[in-house]
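Worksheet for the structure shown next.
Computed from heavy atoms alone, side chains included, the values below leave out hydrogens, waters and symmetry copies. Computed from a predicted model, the values in this text were never measured in an experiment.
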Amino acid sequence: MPALIALVVLLGVATACGDDAAGPAHPADTIGYVVDAPVSTYNAGTVDGAASGARQALVRVLPGFSYPAPSGRALPDTDFGIAAAEPGSPRTIGYRINPAAVYSDGASVTCDDLVLAWAAHSGRFPGFDAADRTGWSDIDSVDCRPGAKDATAHLRSDLADWRSLFGATSLMPAHVVARATGVDDIVGAVQRGDQRELGAIARFWNTGWKLAPGRVDLSLLPSAGPYRIASYGADGKLVLVANERWWGDPPRTETIAVFARGATFDERALAERTDAGQVDVVDIGAGALGDGVGAGFTSTTTPAMNTEQLILRTEGALASAGARRALASCVPRRDLADRILTPLYGKSGASLDTHLQLPGTALYPRTAAVVGDRFAVPDIGAARSAVADAGVGALTVRIGYLAPDARRARTVSQIAAACRPAGITVVDAGSRLFTPSALRAGTVDAVLGGTSATSGAGGAAPATVRGAGLRSGNGANIGGYANDRIDAIVDRLATLPDEVGAEQSDLSTEAERILWQDLPSIPLFLQPRTIAVASGISEVRANPTWAGAGWNMDRWTLHR
């Protein structure tokens with residue numbers, strides 16, 4: 001029996017084995033939560049952090065003024081504070097942090113945290129390795145008196161999705177940065193534009209919150225949410241416990257033990273933990289660990305708002321649009337969707353034919369019509385001609401992804417088989433230590449992943465979430481694609497509501513014409529997600545966005 005299938009069988013077993021290598025079943029007040037990407041940083045705003053499992057694991061550890069609801073829209077978190085748009089255009093947003101808001105180390109949550117978040121994400125201040133500037137770059141200034149609970153953000157436009165600003169996992173503790181860097185006045189450093197102080201702040205923001213199993217400094221990790229980090233063991237178990245200083249409704253379960261993919265996470269370790277009764281909630285890309293989670297769990301597989309795609313490097317072997325077109329010409333997009341999704345859903349799956357819009361939305365049919373039948377099935381003649389026209393000689397494409405992942409391994413294998421007749425060699429470059437930064441470094445030519453190169457959960461409803469990975473200047477644009485018109489379209493769409501309108505439709509259609517010509521990425525299908533919940537656990541709710549099932553973990557309830 002192959003290792004991955006053996007793991008699936010073991011995942012369906014929820015019996016305790018006290019002498020198992022994973023140890024005995026966890027305490028009665030603990031829920032074990034499996035996510036399918038590493039938790040390698042406390043800061044989910046960095047490029048690798050946003051593509052990791054940090055947002056799934058920490059959405060109720062690092063709250064903000066909103067979090068993504070299952071609808072894909074930003075849901076206000078009034079426990080944290082109140083955000084309200086003031087009359088007038090362009091928008092001005094007033095923020096009021098809950099007067100009771102305090103970090104688990106006793107420090108007050110203040111507007112200094114908002115100023116730090118804006119500085120890191122706005123693109124105005126060099127040195128920050130932020131994944132996404134969308135929306136943040138529209139903020140012209142943030143009024144904040146250091147240490148205060150109130151702030152005002154002045155925008156340059158009528159940003160439609162302003163409720164996502166300063167949301168969950170985007171607000172990092174400024175007082176920790178001040179202590180670590182010696183820059184006591186974060187707000188003043190930003191307001192003055194002090195390059196020396198900002199450089200120190202950026203360096204810590206980028207790397208100071210990295211996490212490694214068995215090596216964490218809890219003094220750097222205060223929480224302002226219902227849970228806080230208690231430990232990160234060498235065995236890869238990240239333990240979240242109820243935050244004693246949380247001012248809202250207390251979590252219904254005292255402890256969440258997060259098991260995340262990474263160097264210490266493998267099939268054997270997960271199987272042992274499941275067999276020992278330590279796994280209760282599994283939130284993974286469907287098919288990543290085999291064909292299902294078996295008996296003992298209630299399992300549901302549904303499409304996410306997460307675009308499974310090939311993100312292509314615009315340097316090296318795929319520097320020319322012709323070389324990228326050659327690869328797209330042999331990728332069996334329609335067949336991939338059918339073969340990968342049909343076993344998961346029990347019916348034929350559909351390929352995704354747009355870069356920006358989601359199926360089921362009013363704008364999707366018109367924008368999907370742009371590509372039509374092009375790139376639906378392999379066209380070997382077109383692929384060979386594109387290689388010849390590009391003048392690249394023999395084309396080799398290394399596709400990277402976080403391994404092991406049975407579904408993505410099958411995807412790469414099918415692409416390799418389809419492209420071989422065109423003389424294009426596709427190499428499976430999946431790795432246990434893979435991060436999207438490998439594309440920027442040139443160690444791979446393409447990334448097989450989700451929206452903005454996420455390995456696990458990703459995406460949300462607004463089209464600009466998917467546009468973030470195509471907008472120049474964004475860290476999430478790991479392929480280095482640059483097109484002034486696409487930048488202008490993404491920026492304009494950010495100011496318009498997603499409801500169908502003539503301008504939204506025209507802009508989205510124009511964008512698809514450009515993107516299917518330039519091919520900075522090749523959409524495949526919406527990522528299928530599996531949520532599996534053991535008996536005795538209630539209130540676990542699937543969420544098709546980047547937050548995954550963790551969005552309401554403080555409501556998860558044990559009945560045992």
Side-chain angles (χ1 to χ4, degrees), residues 44-45 47 50-51 55 64-69 71-75 85 90-91 93 117-118 121-123 130-139 153 155-170 304-307 309 311 352 354-364 367 450-454 458-479 481-501 503-512 514-515 520-521 523 526 544-547:
V47 173
R55 294 191 293 184
F65 286 93
S66 66
Y67 53 88
S71 66
R73 299 291 175 185
L75 184 69
R91 289 195 194 279
I93 314 297
W118 170 62
H121 290 276
S122 66
D132 190 7
R133 298 179 184 175
T134 305
W136 298 97
S137 61
D138 276 26
I139 300 176
L155 275 61
R156 298 169 179 160
S157 70
D158 293 328
L159 186 70
D161 191 32
W162 62 268
R163 292 173 181 82
S164 294
L165 296 173
F166 305 107
T169 73
S170 71
M305 296 177 178
N306 194 10
T307 301
Q309 60 188 321
I311 302 168
L352 179 63
T354 65
H355 295 77
L356 297 180
Q357 300 299 331
L358 290 172
T361 62
L363 291 175
Y364 184 77
T367 54
T451 301
S452 296
T454 53
T464 46
V465 172
R466 286 164 295 285
L470 299 165
R471 211 281 183 207
S472 65
N474 268 349
N477 182 2
I478 57 172
Y481 175 64
N483 183 294
D484 290 343
R485 183 55 186 159
I486 290 297
D487 289 352
I489 290 173
V490 171
D491 290 348
R492 178 56 181 160
L493 286 175
T495 70
L496 300 172
D498 276 350
E499 290 79 10
V500 65
E503 187 175 5
Q504 292 96 321
S505 181
D506 290 346
L507 288 172
S508 297
T509 302
E510 181 186 356
E512 293 300 333
I514 296 169
L515 294 169
S521 61
L526 290 182
T545 73
W546 56 260

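Of the inter-residue distances, the one linking Tyr364 atom OH with Ser508 atom OG reads 13.0 Å to the nearest 0.5 angstrom. Here the straight-line distance linking atom CG of Asp138 with atom OG1 of Thr495 works out to 8.0 Å at 0.5 Å rounding. For the atom pair CH2 (Trp162) and OG (Ser157), the distance works out to 13.0 Å, reported to the nearest 0.5 Å. Once rounded to the nearest 0.5 Å, the distance linking CG of Leu352 with CG of Leu358 reads 7.5 Å. Here CG of Asn477 is found 9.5 Å from OG of Ser521. Values are rounded to the nearest 0.5 Å. Interatomic distance, Leu165 CG to Ile93 CD1, rounded to the nearest 0.5 Å: 7.5 Å.
No donor-acceptor pair closer than 3.5 Å links the side chain of Asn474 to the backbone N or O of Asp132. Using a distance-only test at 3.5 Å, with no hydrogens or angles considered, no donor-acceptor pair links the side chain of Arg91 to the main chain of Arg156. Looking only at distances, no side-chain donor or acceptor of Thr307 sits under 3.5 Å from a matching main-chain atom of Gln309. Under the 3.5 Å distance criterion, the side-chain polar atoms of Gln504 are left unmatched by any main-chain donor or acceptor of Leu493. Side chain of His121 to main chain of Ala130: no donor-acceptor pair is present (N/O by atom type, distance under 3.5 Å, no hydrogens or angles). No donor-acceptor distance shorter than 3.5 angstrom exists from the side chain of Arg163 to the backbone of Tyr67, with no hydrogens or angles considered. Side chain of Ser137 to main chain of Thr134: no donor-acceptor pair is present (N/O by atom type, distance under 3.5 Å, no hydrogens or angles).
Pairing each heavy atom of Ser164 with each of Ala74, the nearest pair is OG-CB, 3.6 Å. Taking each heavy atom of Ser452 and Gly469 in turn, the nearest pair found is OG-N, 4.0 Å. Across all their heavy atoms, Ala51 and Ala453 have their closest contact at CB-O, 3.5 Å. Closest approach of Arg73 to Pro462, counting heavy atoms only: NH1-CG, 3.7 Å. The shortest non-hydrogen separation linking Leu526 to Pro359 is CD1-CD, 3.9 Å. Across all non-hydrogen atoms, the minimal contact from Ala511 to Leu356 is CB-CD1, 3.8 Å.
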* Asked: Step by step, would you call Phe166 with Ile139 a side-chain contact (heavy atoms from CB on, under 4.5 Å)?
  -> CA-CA 11 Å; Phe166 305 107; Ile139 300 176; 4.0 Å; yes
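Two residues are said to be in side-chain contact when any heavy atoms from C-beta on lie closer than 4.5 Å; Trp546 and Val465 fail this criterion. Taking 4.5 Å as the limit, every side-chain heavy atom of Arg466 sits out of range of all side-chain heavy atoms of Thr354. At a threshold of 4.5 Å between non-hydrogen side-chain atoms, the residues Pro90 and Asp158 count as touching.
Asp491 is linked by a side chain to side chain contact (heavy atoms under 4.5 Å, CB included) to Arg471, counting only residues two or more places apart in sequence or in another chain.
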